[in-house]
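Chain letters run A, B, ... following the sequence lines, proteins first, then strands; residues in each count from 1.
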Amino acid sequence: MSEELSKRYEPATIEQRLYAFWEKREFFKPLLDAERPKFSIVIPPPNITGRLHIGHALVNTLQDILVRWKRMSGFNTLWLPGTDHASIATQLIVDRELTKQGISRFDLGREKFIEKVWEWRESYGNQIIDQLKRLGASADWSRLRFTLDEGLSRAVRHVFVTLYEDGLIYRGIAMVNWCPSCRTAISDVEVEFDERASKLYHIDYPLAGSDRVLTIATTRPETMLGDTALAVHPDDERYKDVIGREAILPIANRRIPIVADSILVDPEFGTGVVKVTPAHDKNDYEAGKRNNLPQLQVIDESGKMTVAAGKEFAGLDRLDARKKVVSMLGDTGALRDVKDYSHSVGFHEKCGTTIEPLISRQWFVKIEPLATPAINAVRDGTIRILPQLWEATYFNWMENIHDWPISRQLWWGHRLPVFYCANDHMTVATDAPTSCPQCGSTEMTQETDVLDTWFSSGLWPFSTMGWPDDTPDLSIFYPTDVLITGFDIIFFWVARMIMFGLRFTGKAPFSTVFLNGLVRDEFGQKMSKVKGNVIDPIDVIDEFGADAVRFTLAILASGRDIPLAKSRMQGYAAFANKIWNASRFAMMHIDTTLSSAKAIDRDCLSTVERWILSRLNETTRTVNRTLSDFRYDEASNAIYQFFWHEFCDWYIEMVKPVLLGRHGTEADQQRAKRVLLEVLDRSLRLLHPFMPFITEEIWLKLGGVEPSIMVAPYPVAEEPLEDAEAERMVRAVQAMITSVRNARAERGFTPKDRFKLYVRGEGRDAAFFDTYAYLLIDLARLTEVIVNGEPPAGAQHDVVEGFAIAIEFPEKVVTKEQLERTERELEKSRKELESLDAKLVNEQFVRNAPPAIVQGAQARQAELRSRIEKLLQNQ
RNA sequence: AGGCCCUUAGCUCAGUUGGUUAGAGCGCUACCUUGACACGGUAGAGGUCAGCGGUUCGAGUCCGCUAGGGCCUACCA
């Protein structure tokens, strides 16, 4: 048959053509058929701002492997793709673009700015989708969703209104994490802490009406302008007498009360006196509420000092104000000491700005009623989180969860469905009211705040399927089966989907969460532009092919961090080339197509054929089992080992004598061709989820019944193919061949030199060695094999897999290396035998160990004894 | 501060409930242009499984301690 294949596999020439073929034939699309077993999965929507990075490549490779495996295994499979509008990230990017052009978003105004963002999204927002296609992702692009789509926006409004009506969304004034650069509130999970070198300033506060001073310590002296109290511990003997008195706040010269607070103050820390700034510190805020202290805001939304901080500070940036305060304190002698200090500082994860705790009016989700069912769902096994150790992290966070601030003072995103009339009456409704239900005013304005991006992505598994409508997609594909994502968004996203899913659909949105590790560089370092160790997936796809990249990611992914090295990808590119050439070899000989080939008569197979089918069957079993456990590493490794080291290294070599007509009958040859086709076909199908492109390219040439390998059935293990006896005998042949090659190399013979081999075997085994002597002759390059003959003196003896063999060399050339080697082997065998002997005379061992272990030890003991005896003859 | 994890070949890592001789990829050495493949083949070197102690007939695997490294969460005046 067969067209010519090029000598080397060239991924670039086939990948895009095959992907276009799959898309055109709509193989990615599931059926709207509720009767068939389904498998569904939703993509973690990448941000529209994103370019594909290696983390996306990983998570989407893992999803695609699962999806292709399930699809081939007969499931009606949906992989639903989409993108996230990424409120802050996108706004930041477009903002920066505008800044480059010398425009501020405030010049444009909200509406014009949002138009710009949509334009930006049209141009760049789907780049990442095209990149996912390069990877081979078999998602159903006809269902592509975007979190700001009308349908998804409707779901968002519906959820907001429902939660509001249920009393689970409220508006309130509270201290939040504020980003002075983005000028918005953010949630706790969006704050990243980093240990920073800083200073601890010790400042004297005079006690009013006395000469005494109270020394406090602070890392943020500028906030003292907003101090409204000092606090000490009520049981601290040193300060019992000052409780209730007043201190004089330096610089501002205000009198502030001294209060007792056992929660805020740790008497062991510092001087035991704490300044209290209720408007600018979380703990002080709480302490202020406990002690009825006024809140004095001295820093504004942009991080600048307010008028309340004093005339000379108003308008200064908080850091400049700090310098000024320190300098003034120094001048007045109130600055007692400055110490180097290291403490953790919160930064906005998106822009890196230092977070400023501020009191502001925000919208919150009351989280406890949502969290409790979400905790239970994981506890009772409705949802399982893998690797399981993440469950503890999930519980820990969920059990200490705080209300979720969901409003953001941004422009790009879902505007809250909250409307105010001219008389400031508030209406919460999914559709904009034309007039105020309370006063009839027709001057309605919508809340300017938008929702946290994660509010909409929290609805992703069902909003993408048309919820809140009752759609076929929802009834067939929801809840989904598996969620694959990075552990870094377990709180941002996974927890919120579970909470929302349970609340609004009554069902867990997925039954399994698989959290993949972080891709690092080959030395285990995080990839970062600064370090310059970033691997761009598109670059490596260009260099090694998508299949090699995917295979590398899969074989390294066991749930933990992945140290990715280019050398690794190079290795699997070589594997792809190996597959290509093994197939090339096979196709040079195969003369039927898969669809026209006759069924294999399993009753008249050769031992070698039964062996390779048995090995392939075992591999098939392993791959299916490990994939269902998300052990991508074991699955891909099993195929790799089988294909390269059993199929290529041994089977193809063993079948060559028959295939090339050096041995056997015409019928043997025909059968060999048929089995070769069978093994290649099954191997390719087994491998397809991991390496979709190369397997498709080759498989199409084999002429199967199905139009594509991706819709051909996935192999499953079949018990009749297991053949322990064939495996035992071929193992023996392999060991004999290895032994001969080894001895040849040791004695300094070339591969061209041929020898006589003596093999000892009984009954059926002897008959086997007679029949398959040609294998030994061909692969070990022998002149002949003598079964149960008497080897001449000077032959080299060995015992492998329980069979005694001897090699007759042309003359007795015993090299020093060889003697040393024999000595080493003897030493090893003796040592092992020694420990085995000790074990077997130990009654405890014989009594307590399982019989199989004891029998194994005895068998090994016998083998070692005979091996030692034979090795001694070589000296 | 609390919790979790890691330490196995030169490098990066597997090693499932304790059980024969601890594996892989890359790298390294020697030989081989054998009619699928030099992105190849064959053979080989390389490990006191971080250290110490314990449980057990038996420990890389279980327990404790020590040392080093990483991650997460919360607070740090």
May I have the distance from A:Gln855 (atom CD) to B:U20 (atom C1'), rounded to whole angstrom?
13 Å
Six-ring centre of A:Tyr341, A:Lys199 cation under 6.0 angstrom, axis tolerance 45°:
no
Does B:A14 pair with anything, Watson-Crick or G-U wobble, both distances under 3.5 Å, and if so, with which nucleotide?
none
Closest to the A:Lys578 side chain, choosing from B:C57, B:G40, B:A43:
B:G40
Cation-pi check, A:Lys578 to A:Tyr640: give yes when NZ or CZ is under 6.0 Å from the six-membered ring centre and within 45° of the ring axis, no otherwise.
no
Taking CZ from A:Arg865 and C1' from B:U20, how many angstroms apart are they, rounded to a whole number?
15 Å
C1'-based separation of B:U29 from B:G35 [nearest Å]
29 Å
Can you tell me the Watson-Crick or wobble partner of B:G2, both distances under 3.5 angstrom?
B:C72
Partner of B:G47 by Watson-Crick or G-U wobble geometry, both contacts under 3.5 Å, or none?
none
In the structure shown, which nucleotide is the Watson-Crick or G-U wobble counterpart of B:U33, with both distances under 3.5 Å?
none
Step by step, work out the side-chain contact (heavy atoms from CB on, under 4.5 Å) result for A:Met224 and A:Leu329.
CA-CA 11 Å; A:Met224 70 181 286; A:Leu329 289 172; 3.9 Å; yes
What is the distance from CE of A:Met398 to P of B:U73, rounded to the nearest Å?
15 Å
Remember a base hit wins even if backbone is also touched, and classify A:Glu843 as base, sugar-phosphate or nothing at under 4.0 Å, heavy atoms.
nothing
What nucleic acid atoms does A:Ala565 come within less than 4.0 Å of, heavy atoms only: base, sugar-phosphate, or nothing?
nothing
How would you label the contact of A:Tyr201 with the nucleic acid (heavy atoms, under 4.0 Å): base, sugar-phosphate, or nothing?
nothing
Regarding A:Lys566, tell me which of base, sugar-phosphate or nothing describes its non-hydrogen contacts under 4.0 Å with the strands shown.
nothing
Would A:Arg384 and A:Glu391 pass as an ion pair if we require N to O under 4.0 Å?
no
Quick check: any donor-acceptor pair below 3.5 Å linking the side-chain of A:Glu746 to the base of B:A30?
no
Run through A:Asn283, A:Thr218, A:Asp227 and flag the one making a side-chain hydrogen bond (donor to acceptor under 3.5 Å, both in side chains) with A:Thr277.
A:Asp227
For A:Phe749 and B:U42, give me the distance from atom CZ to atom P, rounded to whole Å.
21 Å
Which part of the nucleic acid, if any, lies within contact of A:Arg631, taking any heavy atom under 4.0 Å across all strands shown: a base, the sugar-phosphate backbone alone, or nothing?
sugar-phosphate
Could you work out which one of B:C5, B:A36, B:C57 sits closest to the side chain of A:Leu389?
B:C5
Whole-Å distance separating the CH2 atom of A:Trp397 from the P atom of B:A74
9 Å
Among the nucleotides B:C57, B:G41, B:G25, which one has an atom lying closest to any side-chain atom of A:Asn842?
B:C57
Select from A:Ala231 and A:Lys7 the residue whose nearest nucleotide in RNA chain B is closer to the 5' end of that strand.
A:Lys7
Of the nucleotides B:C26, B:G35, B:G41, which one has an atom closest to the side chain of A:Trp644?
B:G41
Within the structure shown, what part of the strands sits under 4.0 Å from A:Phe551 by heavy-atom distance: base, sugar-phosphate, or nothing?
nothing
Basic-acidic side-chain contact under 4.0 Å: A:Asp778, A:Lys656:
no
Report the nucleotide, chosen from B:G19, B:C75, B:A43, that has the shortest atom-to-atom distance to any side-chain atom of A:Asn283.
B:C75
Does A:Thr750 reach a base, just sugar-phosphate, or nothing at all? Heavy atoms under 4.0 Å.
nothing
Identify which nucleotide among B:G41, B:A43, B:A14 has an atom closest to any side-chain atom of A:Asp633, counting heavy atoms from C-beta outward.
B:A14
Taking B:C71 as the reference, what is the distance to B:G27 when you measure between their C1' atoms (whole Å, please)?
30 Å
Looking at every strand, decide which applies to A:Leu264 at a 4.0 Å heavy-atom threshold: base, sugar-phosphate, or nothing.
nothing
Respond yes when some side-chain nitrogen or oxygen of A:Trp580 is under 4.0 Å from OP1 or OP2 of B:G40, and no when none is.
no
I want to verify a distance call: between B:U12, B:C57, B:A36, whose nearest atom is closest to the A:Ile652 side chain?
B:A36
Within this structure, what is the OH-to-C1' distance between A:Tyr640 and B:A14, rounded to whole angstrom?
14 Å
Take the protein atom CZ of A:Phe544 and the nucleotide atom P of B:C39, then report the distance between them rounded to whole Å.
13 Å
Using a cut-off of 4.0 Å on non-hydrogen atoms, how would the nucleic acid contact of A:Asn400 be classed: base, sugar-phosphate, or nothing?
nothing
How would you label the contact of A:Gly270 with the nucleic acid (heavy atoms, under 4.0 Å): base, sugar-phosphate, or nothing?
nothing
Here's a test for you: under ring pair (Phe, Tyr, Trp, His ring centres under 6.0 Å), which of A:Phe544, A:Phe551, A:Tyr9 qualifies with A:Phe575?
A:Phe551
C1' atom, B:U56 versus B:U61: distance in rounded Å?
13 Å
Which of the following nucleotides, B:G19, B:A36, B:U21, is nearest to the side chain of A:Cys648?
B:A36
A:Arg744 and A:Asp753 have their tightest heavy-atom pair at NH2-O, 2.7 Å
Residue A:Arg8, side-chain heavy atoms: nucleotide from B:U21, B:U73, B:C39 that is nearest:
B:C39
Select from A:Ile737 and A:Tyr9 the residue whose nearest nucleotide in RNA chain B is closer to the 5' end of that strand.
A:Tyr9
Separation between the P atoms of B:C6 and B:U17, rounded to whole Å:
12 Å
Rounded P spacing from B:C28 to B:C72 in Å
36 Å
Among B:U42, B:C57, B:C13, the nucleotide that comes nearest once only the side chain of A:Asp649 is considered
B:U42
Categorize A:Thr219 for me: base, sugar-phosphate, or nothing, with a 4.0 angstrom heavy-atom threshold over every strand shown.
sugar-phosphate
Using a heavy-atom cut-off of 4.0 Å across all strands, would you classify A:His645 as base, sugar-phosphate, or nothing?
sugar-phosphate
Which is true for A:Ala392 with a 4.0 Å heavy-atom rule: it touches a base, it touches only sugar-phosphate, or it touches nothing?
nothing
With both distances under 3.5 angstrom, what nucleotide forms a Watson-Crick or G-U wobble pair with B:C57?
B:G19
Can you find a side chain N or O atom of A:Arg584 that sits less than 4.0 Å from OP1 or OP2 on B:C37?
yes
Here the distance between atom P of B:U73 and atom CD of A:Glu349, to the nearest Å, is 11 Å
Look through every strand shown and name the nucleotide pairing with B:A67 as Watson-Crick or G-U wobble, where both distances are under 3.5 Å.
B:U7
Is the shortest side-chain N to carboxylate O distance from A:Glu286 to A:Arg290 below 4.0 Å?
no
With sugar-phosphate meaning primed atoms plus P, OP1 and OP2, does A:Asn742 contact a base, only sugar-phosphate, or nothing at under 4.0 Å between heavy atoms?
sugar-phosphate
Please determine whether a side-chain nitrogen of the Lys or Arg among A:Glu801 and A:Arg728 lies less than 4.0 Å from a carboxylate oxygen of the Asp or Glu.
no
